[in-house]
Amino acid sequence: MGRNPSALLVLVLVAMCCAVAMARGSHHDQHHEGREREKTFLLQDMKRVVKTDAGEMKVVRGSKGWISDLPNIHVGFVTMEPDSLFIPQYLNSDLILFIRRGEARVGSIYKDELIERRLRDGDVYRIPAGSTFYLVNTADSQRLQIICSIEKSDSMGWGTFQSFFIGGGSYPTSVLAGFEHSTLSTALNVSESQVSQLLTRQKSGPIISLSNSHSDPHQSRAWTQFLEMKHYERVQCLKRMVQVHEEEEATEEDEEPIMWLYRKLLNSVFGKQVSGKDEGRSERPDAYNLFDRRPDFENNYGSSVALDQSDYSPLGQSGVGLYLVNLTAGSMMAPHLNPTATEYGIVLRGTGRIQIVFPNGTLAMNTRVSEGDVFWIPRYFPFCQIASRSGPFEFFGFTTSARGNRPQFLVGSNSILQSMRGPAFAAAFGVSEERLERIVNAQSESTILPWGSASEERIPEAIRSFGDEMAMGFEGIY
Ligand SMILES: *[C@@H]1O[C@H](CO)[C@@H](O)[C@H](O)[C@H]1NC(C)=O
Ligand SMILES: *[C@@H]1O[C@H](CO)[C@@H](O)[C@H](O)[C@H]1NC(C)=O
Ligand SMILES: *[C@@H]1O[C@H](CO)[C@@H](O)[C@H](O)[C@H]1NC(C)=O
């Protein structure tokens with residue numbers, strides 16, 4: 001493999017240490033130093049950035065942590081009630097959406113054109129930084145759950161990401177409100193008082209209900225209709241809205257002015273209804289379904305899928321990859337490391353254990369996780385995930401590399417232990433070649449291993465008796 005032999009030796013030692021740590025798993029849980037340390041690589045500082053009757057958005061910031069020059073992403077969780085809208089906005093960050101559950105319609109501006117896509121469970125879709133977009137939960141009765149990576153595309157520090165709302169009023173505030181009203185008045189060719197009115201209507205927050213049962217029905221309806229239009233019509237719409245309002249001002253000032261305004265507006269727009277949304281050129285961005293993809297690896301104990309720019313080119317512009325792992329009850333993803341990426345994982349279903357090892361061969365974290373937990377694994381750190389015996393363990397995540405991040409397996413039949421057998425290697429451990437062979441051949445499975453029997457049978461006696469020698473080995477190296 002053409003690599004520095006001492007680095008490999010460290011990897012192998014770490015691998016074995018990991019195996020031993022697992023064989024002794026339950027002890028480690030107990031006498032590891034306190035809960036603080038145990039949760040080092042869990043991201044627990046979840047902040048709610050949006051909360052309305054119709055939905056919410058929470059964000060957990062990625063830690064900069066141990067290796068500071070690496071890109072860092074935040075993980076966002078959006079929940080929207082049936083028939084609701086996340087009003088038009090743009091972010092200073094690249095967004096990769098993953099539809100966890102439900103159906104969505106997402107509209108975004110791509111090369112000055114509005115593109116709408118219907119998304120369903122498992123779909124992945126990128127929205128570039130600075131591109132205006134909105135999200136609609138189209139289902140009548142199902143809640144929409146989205147998990148997204150939020151990656152700042154410029155390198156100007158790691159402050160939190162920022163939303164810029166286009167639609168808006170008193171809450172949220174539209175970015176248009178930032179301009180002087182005289183400027184907008186000129187730009188829109190309307191009076192300043194009309195500008196003020198335009199920018200104070202929206203009060204229900206960034207996620208609003210489109211059904212008339214909640215929030216302001218006039219607003220809901222207006223937004224609903226707004227969503228039926230195409231981009232250029234929306235521009236027209238904005239203009240007309242203002243014009244119509246002007247007439248309205250003069251005539252009937254009190255009676256349901258907004259309602260009247262929107263109805264009139266919509267009638268005029270509906271006069272020239274537009275054709276289907278998805279027709280058009282093929283180079284426009286599309287979604288990619290992660291659940292439909294054939295697993296890259298599959299055996300009796302589980303499956304794994306990784307998605308990078310070679311499969312879904314928009315990821316290349318973001319520098320983010322995705323993966324999905326499904327372990328059967330009691331199975332484990334063999335100890336491995338990511339040579340080119342930091343990884344952020346989110347538990348989708350079930351419970352399991354994440355073990356992470358420092359590069360110096362000490363246990364960094366050994367923690368039980370369950371649905372909704374977010375963990376991160378710094379680049380180079382060896383780790384493994386183990387499903388609890390009670391049921392399957394599904395997790396999903398983002399990696400900070402859009403080019404195939406090929407995990408290096410430390411244990412199993414596809415591991416570097418297998419590739420590195422031979423007299424020199426045995427000598428590196430100070431054991432006979434025979435003994436090394438025995439250890440290396442004991443595990444016949446690769447990548448996803450039947451952990452259920454591992455603690456008793458699969459991890460050979462030899463490795464256990466190696467424990468002390470390895471500990472000495474580490475002392476020698478560090
Ligand atoms: C601005 O509005 C006035 C009347 O409302 C109209 O006559 C004029 O053409 C408009 N100007 C532009 C640049 O659209
Ligand atoms: C994961 O595997 C379980 C069965 O072990 C299956 O029911 C479930 O649908 C799988 N999940 C995904 C996302 O493929
Ligand atoms: C191993 O590295 C970690 C993180 O740098 C450190 O906290 C720990 O004390 C080290 N352990 C040993 C035995 O060197």
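Quick note: numbers below take in every heavy atom, side chains included, and nothing from hydrogens, waters or symmetry partners.
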| said: Over 60° means perpendicular and under 30° means parallel, so tell me whether Phe383 and His336 are parallel, tilted or perpendicular. | reply: tilted
| field | Set of ring-ring contact (aromatic ring centres under 6.0 Å, His included) partners for Phe291, sequence neighbours left out | value | Phe98
| message | Using every non-hydrogen atom in the two residues, find where Arg126 and Asp94 come nearest and quote the distance to one decimal. | response | NE-OD2, 2.7 Å
| request: To the nearest 0.5 angstrom, please state how far the OG1 atom of Thr138 sits from the CD atom of Glu103. | output: 5.0 Å
| task | Could you tell me which non-hydrogen atom of Phe409 sits nearest to which non-hydrogen atom of Thr447, and how far apart they are? | result | CZ-CG2, 3.5 Å
| task | With the side chain counted from C-beta on, respond yes when Tyr301 and Leu449 share a heavy-atom pair under 4.5 Å apart, and no when they do not. | result | no
| For Ser313, side-chain hydrogen bond (donor to acceptor under 3.5 Å, both in side chains) partners two or more places apart | none
| said: By the definition side chain to side chain donor-acceptor pair (under 3.5 Å), identify the one residue from Asn338, Thr400, Thr399 that meets it with Glu343. | reply: Asn338
| query | Within the side chain of Arg100, is there an N or O that forms a donor-acceptor pair under 3.5 Å with the backbone of Phe77? | reply | no
| Leu43 CG to Asp373 CG distance, which is reported to the nearest 0.5 Å | 10.0 Å
| task | Check for a donor-acceptor pair, side chain of Asn299 on one end and backbone N or O of Ile448 on the other, with a separation under 3.5 Å. | result | yes
| query | Which atoms form the tightest heavy-atom contact between Leu144 and Val136, and what is the distance? | reply | CD2-O, 4.3 Å
| task | Determine yes or no for a side-chain-to-main-chain donor-acceptor pair under 3.5 angstrom, with Asn326 supplying the side chain and Glu394 the backbone. | result | no
| For Thr328, which residues count as a side-chain hydrogen bond (donor to acceptor under 3.5 Å, both in side chains) partner, sequence neighbours excluded? | Ser331
| said: When you compare the side chain of Leu119 with that of Leu135, does any pair of heavy atoms fall below 4.5 Å? | reply: no
| query | Can you find a heavy atom in the side chain of Arg117 that is under 4.5 Å from one in the side chain of Asp286? | reply | yes
| query | Any sub-3.5 Å donor-acceptor pair from Ser388's side-chain atoms to Thr351's backbone N or O? | reply | yes
| Got a sec, which residues hit salt bridge (Lys or Arg N to Asp or Glu O under 4.0 Å) with Asp121, two or more places apart in sequence or on another chain? | none
| request: Could you pull out the closest heavy-atom pair between Ile96 and Ser318, with the gap in Å? | output: CD1-OG, 3.5 Å
| field | Verdict with supporting geometry, Phe133 and Leu91, side chain to side chain contact (heavy atoms under 4.5 Å, CB included) | value | CA-CA 9 Å; Phe133 71 97; Leu91 300 181; 4.1 Å; yes
| remark: Closest non-hydrogen atoms of Leu327 and Gln385, given as atom of the first, atom of the second and distance, are CD1-O, 3.7 Å
| field | Pairwise side-chain contact, Phe393 with Val347, heavy-atom cut-off 4.5 Å (strictly under) | value | yes
| query | Does Leu348 reach the side chain of Leu324, with side-chain heavy atoms less than 4.5 Å apart? | reply | yes
| message | To the closest 0.5 Å, what do you measure between SG (Cys148) and NE2 (His74)? | response | 11.0 Å
| Flag side-chain contact, heavy atom, 4.5 Å: Ile207 against Leu85 | no
| query | Are Val369 and Phe395 side-chain neighbours, meaning at least one heavy-atom pair lies under 4.5 Å? | reply | no
| field | Expected output: side-chain Asp123 to main-chain Ile99 donor-acceptor under 3.5 Å | value | no
| Any side-chain donor near an acceptor of the partner, Arg293 and Tyr288, under 3.5 Å | yes
| Counting only N and O atoms by type, is there a donor-acceptor contact under 3.5 Å from the side chain of Arg368 to the main-chain atoms of Gly352? | no
| side chain to side chain contact (heavy atoms under 4.5 Å, CB included) between Glu445 and Asn300: does it pass, once the steps are laid out? | CA-CA 10 Å; Glu445 296 290 344; Asn300 290 337; 5.9 Å; no
| request: Measure up the Phe396 and Phe398 rings against each other and bin them: parallel (under 30°), tilted (30 to 60°), perpendicular (over 60°). | output: perpendicular
| note | So CH2 of Trp376 and CD1 of Ile346: to nearest 0.5 Å the spacing works out to 14.5 Å
| field | Spatial distance of atom CZ (Arg403) from atom CG (Asp308) [nearest 0.5 Å] | value | 10.0 Å
| Going through the checks in order, is the side chain to side chain contact (heavy atoms under 4.5 Å, CB included) test met by Ile150 and Ile73? | CA-CA 6 Å; Ile150 304 167; Ile73 57 184; over 6 Å; no
| message | As a quick check of understanding, evaluate side chain to side chain contact (heavy atoms under 4.5 Å, CB included) for Ile354 and Phe41, giving each step before the final call. | response | CA-CA 9 Å; Ile354 312 290; Phe41 297 98; over 6 Å; no
| field | Any donor-acceptor pair under 3.5 Å from Asn137 side chain to Gln142 backbone | value | yes
| query | Of all residues at least two apart in sequence or in a different chain, which pass the side-chain hydrogen bond (donor to acceptor under 3.5 Å, both in side chains) check with Arg143? | reply | Glu81
| query | Listed by chain and number, what are the side-chain hydrogen bond (donor to acceptor under 3.5 Å, both in side chains) partners of Lys58, not counting sequence neighbours? | reply | none
| field | Least distance between heavy atoms, Glu151 atom then Gly319 atom | value | OE2-O, 4.1 Å
| query | If you round to the nearest 0.5 Å, how far is OG1 of Thr52 from CE of Met57? | reply | 13.0 Å
| query | Is there side-chain contact between Asp45 and Lys47, with at least one heavy-atom pair below 4.5 Å? | reply | yes
